[in-house]
*Asks:* 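Take this structure first; my questions come after.
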Amino acid sequence: MNLLDNLNPEQLAAVTLPNQSALILAGAGSGKTRVLTTRIAWLLQTGQVSPAGIMAVTFTNKAAKEMLTRLSSMLPVNTRGMWIGTFHGLCNRLLRTHHRDAALPQTFQILDSQDQLSMIKRMLKALNVDDEKYPAKDLMYFINNAKDQGMRASSVEAFDQVQRRMVELYDLYDQQCQREGVVDFAELLLRSYELLQRNHPLRQHYQMRFRHILVDEFQDTNDLQYNLLKLLAGHGEGRGGAMFAVGDDDQSIYAFRGANVGNMQAFERDFEVKNLIKLEQNYRSHGHILDSANFLIANNAKRLGKNLRTDAGQGEPVRIYEASSDLEEAQWIIDESKSLMGEGMRRSEIAILYRSNAQSRVIEHALFAAGLPYTVYGGLRYFQRAEVKHAIAYLQLMDNPHNDSAFLRVVNFPTRGIGARSIEQLQMAAESHGVSLYAAVPHIGGKAGGSLANFVKLIEGARFETQQLPLPEMVRVVLERSTLLAHYEKEKEGQERIENLQQMVGAATQFVQEEGFGAHSPAHLGPPSQAAAGEGVVYVDGIELIEADAPLATVMSPLSAFLAHASLEAGDAQAQAGQDAMQLMTVHSAKGLEFDAVFITGLEEGLFPHESSSRELDGVDEERRLMYVAITRARRRLYMSFTQQRMLHGQTRFNVKSRFFEELPEESLKWLTPRVQTKWFGGRKSTTAWDDADFREGGSDNQIAKQITQRSSNANGTGWRIGESVSHARFGEGVIVNIEGGAGSARAQINFGAAGMKVLDLSIAKLERVGT
DNA sequence: TGCTGAGATATTTTT
DNA sequence: TATCTCAGCA
């Protein structure tokens, strides 16, 4: 079958573009990944480029893997020669290859965010920095932010005393990392950028090599990433390959971590992009769902402009439900889901989305009580589990003993009588000799020195013993010799931890196979000396280069590679053993996924859009894009819900419904609860769906009803009720949050959403009940 | 050395 | 409300 079969005209145009830079605006569900991979396959198949001339960058390992899988199903091609991976993965590879030029040890290790934070804490403590004034988290944010913008401490401008100090600390942090031979995530990119910028022949080499650079999710790139791409694409130097950027400005939801949508426009401008192709044909959702998405996102001002269309027909309308409380919202979700399942929908095809993780609890409780299996996305990943990190730390020390973070993590774990005082002594010795903790051990005498020396012996011994062993065997030995296994066997809750530790042997086996290391090659063995390797080595202007289609084994030992893998790919969160379960997740983590039915919950002012978004410039626009992402996850059924009251952080909050409802096309919506409703007040009357349920005696809803009653009935003789929707001539629609004072002189606190929170005198203010 | 209780603190997240 | 972190204690 031909590669180009079944592509629509726009997709076809994108796939077969000439060798020039191009921007592909790919809407949700428009076949973005397909275009990207088919483009690569087409370039290869038509002989326009060899595998080594391809570089494809993604943000997540999952996306990279997906690309590789699809590609190898299209073409019988050796994917090893291509550079396909995440920004961080590819930079790791670059830095290993050129570690000398990058001034790094070949066995440099990668700090994940946890490691980075603890390293900063340690440094602040050692320097006696006031942690009230300079919280470790703030400093970490400051450092990462600077790095993401390509700035070293020396080029950061400081405008006050605090910032000046932060800059100093940034510099000290970098020095410490250098001493230990570790790099953080942002450093991987910054180092690579600086290396290429500084080293002309090297840069030229890669510019000539990568004829085609393809970038996925371009709207999520930060400034440093964009500059790195510019460098590789030879922008402004008259050479280099073509950049093929795929992105969707409407799905830019990561500004908070430095992503800059502006890079899309910048790319158009900088590269004088003549090929802008919009993929607007959606293959995922029914019409009413797409109409809702299009209507909503049209409220954003700064857009490149795009409108999704579908051939699938209008389908079902979007169903909207107003619940009386978060508890009742959860109950409604369960009822609806059950009826969907009754129609034959699989549980795993139903997703429940929320803006923030805190919202999942109530839903989980209800699902659990109803006996419905569910999976919550985003928990602790495999390589982030404490016991696994401990084992990794032992391996790290064997590969690079100067990694102080690893040293401190396990020097006394499992306990071996090395207390805080010994560590303090050691830290002082290390400081005064300007060496790592490991190297400072011989300077410590006495009993403390003895235990420390024993620890060093343990590491050295393990290294010696495993010298000739392949990686999985080495892991096995380390688990034993570190006494980690023995330690957890003694613990009562240790069984799961032991299983996780033992899984590491399997993880190592799999890794060695997948990365093409010889199954029996010793884990410690560094890359063959480059001259001896012969094959794969090229010289450019007298500089020795390893051709990057040489296997990974040429640039790092199995052990170093495995450790990098553990930091760069945290591993999946524990998967629910293949069970067909409903999917719970934040809207952010739903990006890139799709489901037959989607519930978007908690659509209330303050929650979604989130209250903190109004403080940021264009914050609400980003929330709207988030909503856009949420809507476009649904194939056939879309539900939205909001509640009158919700328990959050131990407090009951009364919220107005989200402004986003006003931005949806009325004809695509179906209000399950009356749009304009008469509400219960004063003790009796009720016409809405929920209060019938609330005050029903007995029945399965009784417990919930009771709680609702406790929370919402607030007889106070004013004729008004907390939680009631009202309307005011000037402030618009609002919800009563609180009522103070008696019948004659009562004042009500009312949340008018966008118009803010007001306190109004009930005898003066002209309030109208929303509805009749 | 590990436990306990006070206190803070609570968008979103991948690498 | 629930979870995490840190200081102080047996």
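Proteins come first, then strands; the chains are lettered A, B, ... in the order of their sequence lines, and each starts at number 1. Scope of the values below: all heavy atoms of this structure, side chains included, with no hydrogens, waters or symmetry mates.
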*Asks:* What contact category does A:Asn412 fall into here, base, sugar-phosphate, or nothing, at under 4.0 angstrom with non-hydrogen atoms?
*Replies:* sugar-phosphate
*Asks:* Only one of A:Asp249, A:Asp248, A:Ile253 clears side chain to side chain contact (heavy atoms under 4.5 Å, CB included) with A:Gln251; which?
*Replies:* A:Asp248
*Asks:* Give one of base, sugar-phosphate or nothing for A:Gln359, where a contact means two heavy atoms less than 4.0 Å apart.
*Replies:* nothing
*Asks:* So, do A:Phe59 and A:Tyr254 have ring centers that fall under 6.0 Å from each other?
*Replies:* no
*Asks:* What contact category does A:Gln384 fall into here, base, sugar-phosphate, or nothing, at under 4.0 angstrom with non-hydrogen atoms?
*Replies:* nothing
*Asks:* Fit a plane to each ring of A:His88 and A:Phe185, take the angle between them on a 0 to 90° scale, and name the class: parallel (under 30°), tilted (30 to 60°) or perpendicular (over 60°).
*Replies:* perpendicular
*Asks:* Counting just side-chain N and O atoms, does A:Arg381 come under 4.0 Å of either OP1 or OP2 of B:dT15?
*Replies:* yes
*Asks:* Please check if the distance between the ring centroids of A:Tyr488 and A:His390 is under 6.0 Å.
*Replies:* no
*Asks:* Determine the interatomic distance between P on C:dC4 and the same-named atom on B:dT13; round to the nearest Å.
*Replies:* 16 Å
*Asks:* I'd like to know whether the aromatic ring centres of A:His99 and A:Phe108 sit less than 6.0 Å apart in this structure.
*Replies:* no
*Asks:* Going by modelled atom types, is there a donor-acceptor pair between the base of B:dT13 and the side chain of A:Ser589 at under 3.5 Å?
*Replies:* no
*Asks:* Any donor and acceptor pair, going by atom type alone, linking the side chain of A:Glu605 with main-chain N or O of A:Arg659 inside 3.5 Å?
*Replies:* yes
*Asks:* Which pairs, protein N/O on one side and nucleotides 2-10 of chain B N/O on the other, fall under 3.5 Å?
*Replies:*
| residue | atom | partner | partner atom | Å |
| --- | --- | --- | --- | --- |
| B:dA10 | N3 | A:His649 | ND1 | 3.4 |

